[in-house]
Q: 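Starting off with a structure, shown below.
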Number of protein chains: 2
Amino acid sequence: MRSPAELTEVFRAQGLKITPQRQVLFSLLHDTDQHPTAEMLFAAASDRMPGISLRTVYQTLTELTSMGEVRQLAFGSGPARFDPNGSDHHHVRCRTCGAIRDVDVGGVDRLEPLDVESLGGFEPDAVSIVFHGRCAECARASVAAAARTTTTTTTSTTPNTPTGGA
Amino acid sequence: MRSPAELTEVFRAQGLKITPQRQVLFSLLHDTDQHPTAEMLFAAASDRMPGISLRTVYQTLTELTSMGEVRQLAFGSGPARFDPNGSDHHHVRCRTCGAIRDVDVGGVDRLEPLDVESLGGFEPDAVSIVFHGRCAECARASVAAAARTTTTTTTSTTPNTPTGGA
DNA sequence: TGCGTCTTCGCATCGTTTGCGAATTGGCAC
DNA sequence: GTGCCAATTCGCAAACGATGCGAAGACGCA
Ligand SMILES: [Mn+2]
Ligand SMILES: [Mn+2]
Ligand SMILES: [Zn+2]
Ligand SMILES: [Zn+2]
């Protein structure tokens, strides 16, 4: 998204007002490379401006979204994530912990919708790609857990059914 | 997803029971090429079996999802969509009316996550692709609306601001 | 037919988001 | 600086999709 200074001009030009609440949110969004939820932004904004309302955060996010300054992302269940990164990019998401990261992807324009007839005249103008998998941390944690299970099984001779086995 | 008969065997083999509610849902899901919501399935199931509970629909969908018989999809806000199509495919979605269609896509394995270092060890094992755009119906409707506006503007000389202009 | 477990289903509840409207405030004209 | 007015904030109610819970009912097997 654009800088707080630029957004200030854009807002003014549209007859919208520059409030301290909006300034805080502009700044927070401009500075992050994450994909915060409304609640996360509310928490961060509350540090700088105690008393700011969650309602205002939602309202400002809706405005910025409709102005195209942020994208609203949805990954399955849970709250919406907001993406201030305006570059042409896609996402990877960890199945285990839900972590999201940006990823630049090559070869997108070589994707070919086959079976064009079944598209029935649909005209795509954008594409979202999400890679699903496991992040490095969760992979490490999983290996550690396996090691523990193995150790336990090897060490102990009791035929207990491991709790997390299924 | 598999046929109702096959699912019956699978369920029985796992000690799960075959109830009329499940049979109705198996059948509805097996026969559709759409991406129904829980509410939609509830409505359809209620036709064949008045009195079936929405709770049961949710429960059965959760089971089928965890068994891998259906996929749960999320497109922005709104309720989850369930996809009984087990083939390797992706989706197109109309920005205007929300309609969803399956699309087979070639070239998926030629996608290259660039900037591999910033992936920080993330290991993708699946990818979801959604094409965004406008479906044929909405494109037609939009053309028709534009024609109406043009006609009105041309015919009338009053400098009224069109209501839907912004 | 009888029993035990699995299932159904209504209701309460939860987490996220939006509707509403009174009170407040930014920005401009003077 | 002052006053005005539209834009904004914000608390609360409520919508919405989904889940937890547990009493009542039904499937499947002996
Ligand atoms: Mn992003
Ligand atoms: Mn599909
Ligand atoms: Zn993870
Ligand atoms: Zn459409």
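Chain identifiers are assigned alphabetically (A, B, ...) following the order of the sequence lines, protein sequences preceding nucleic acid strands; residue numbering begins at 1 within each chain.
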Q: For a quick test of reading the model: is some side-chain N or O of Arg55(B) closer than 4.0 Å to OP1 or OP2 of dT19(D)?
A: no
Q: By nearest heavy atom, map Lys17(B) and Leu54(B) onto DNA chain C; which one lands nearer the 5' end?
A: Lys17(B)
Q: Does Val70(B) reach the side chain of Gln72(B), with side-chain heavy atoms less than 4.5 Å apart?
A: no
Q: Please examine the side chains of Thr32(B) and Pro84(B), heavy atoms only from C-beta on, and report whether any two atoms are closer than 4.5 Å.
A: yes
Q: Would you indicate, yes or no, if dT8(C) has its OP1 or OP2 atom less than 4.0 angstrom from a side-chain nitrogen or oxygen of Ser53(B)?
A: no
Q: Remember a base hit wins even if backbone is also touched, and classify Glu39(A) as base, sugar-phosphate or nothing at under 4.0 Å, heavy atoms.
A: nothing
Q: Would you kindly give the CZ-to-P distance between Phe42(A) and dT17(C), to the nearest whole Å?
A: 14 Å
Q: Grab the CG-C1' distance between Leu25(B) and dT8(C) for me, whole Å please.
A: 12 Å
Q: Answer yes if the ring centres of Phe122(B) and Phe131(A) are under 6.0 angstrom apart, and no otherwise.
A: no
Q: If you check every side-chain atom of Pro20(B), which of dG27(C), dT9(D), dC27(D) has the closest atom?
A: dC27(D)
Q: Given atom CD1 of Ile18(A) and atom P of dA6(D), what is their separation to the nearest angstrom?
A: 19 Å
Q: How close or far is atom C1' of dT7(C) from atom CG of Leu61(B), stated in whole angstroms?
A: 15 Å
Q: Is the distance from OP1 or OP2 of dA7(D) to the nearest side-chain N or O of Gln59(A) less than 4.0 Å?
A: no
Q: Looking across every strand, which nucleic acid part, if any, lies under 4.0 Å from Gly51(A) by heavy atom: base, sugar-phosphate, or nothing?
A: sugar-phosphate
Q: Round to a whole Å and report the spacing from CD of Gln14(B) to C1' of dC27(D).
A: 17 Å
Q: Does the side chain of Arg48(B) come within less than 4.5 Å of Ser27(B)'s, by heavy atoms?
A: yes
Q: One thing to verify: whether Arg2(A) and Glu9(A) come together as a salt bridge, which I'm taking to mean a side-chain N less than 4.0 angstrom from a carboxylate O.
A: no
Q: Rounding to an integer number of Å, can you tell me how far Gln21(A) CD sits from dT24(C) P?
A: 14 Å
Q: Separation of Arg22(B) atom CZ from dC9(C) atom C1', in whole Å?
A: 13 Å
Q: Quickly work out the Glu63(B) CD to dT7(C) P distance and round it to whole Å.
A: 6 Å
Q: Would you kindly compare Thr19(B) and Phe82(B) by the position of their nearest DNA chain D nucleotide and give the one closer to the 5′ end?
A: Phe82(B)
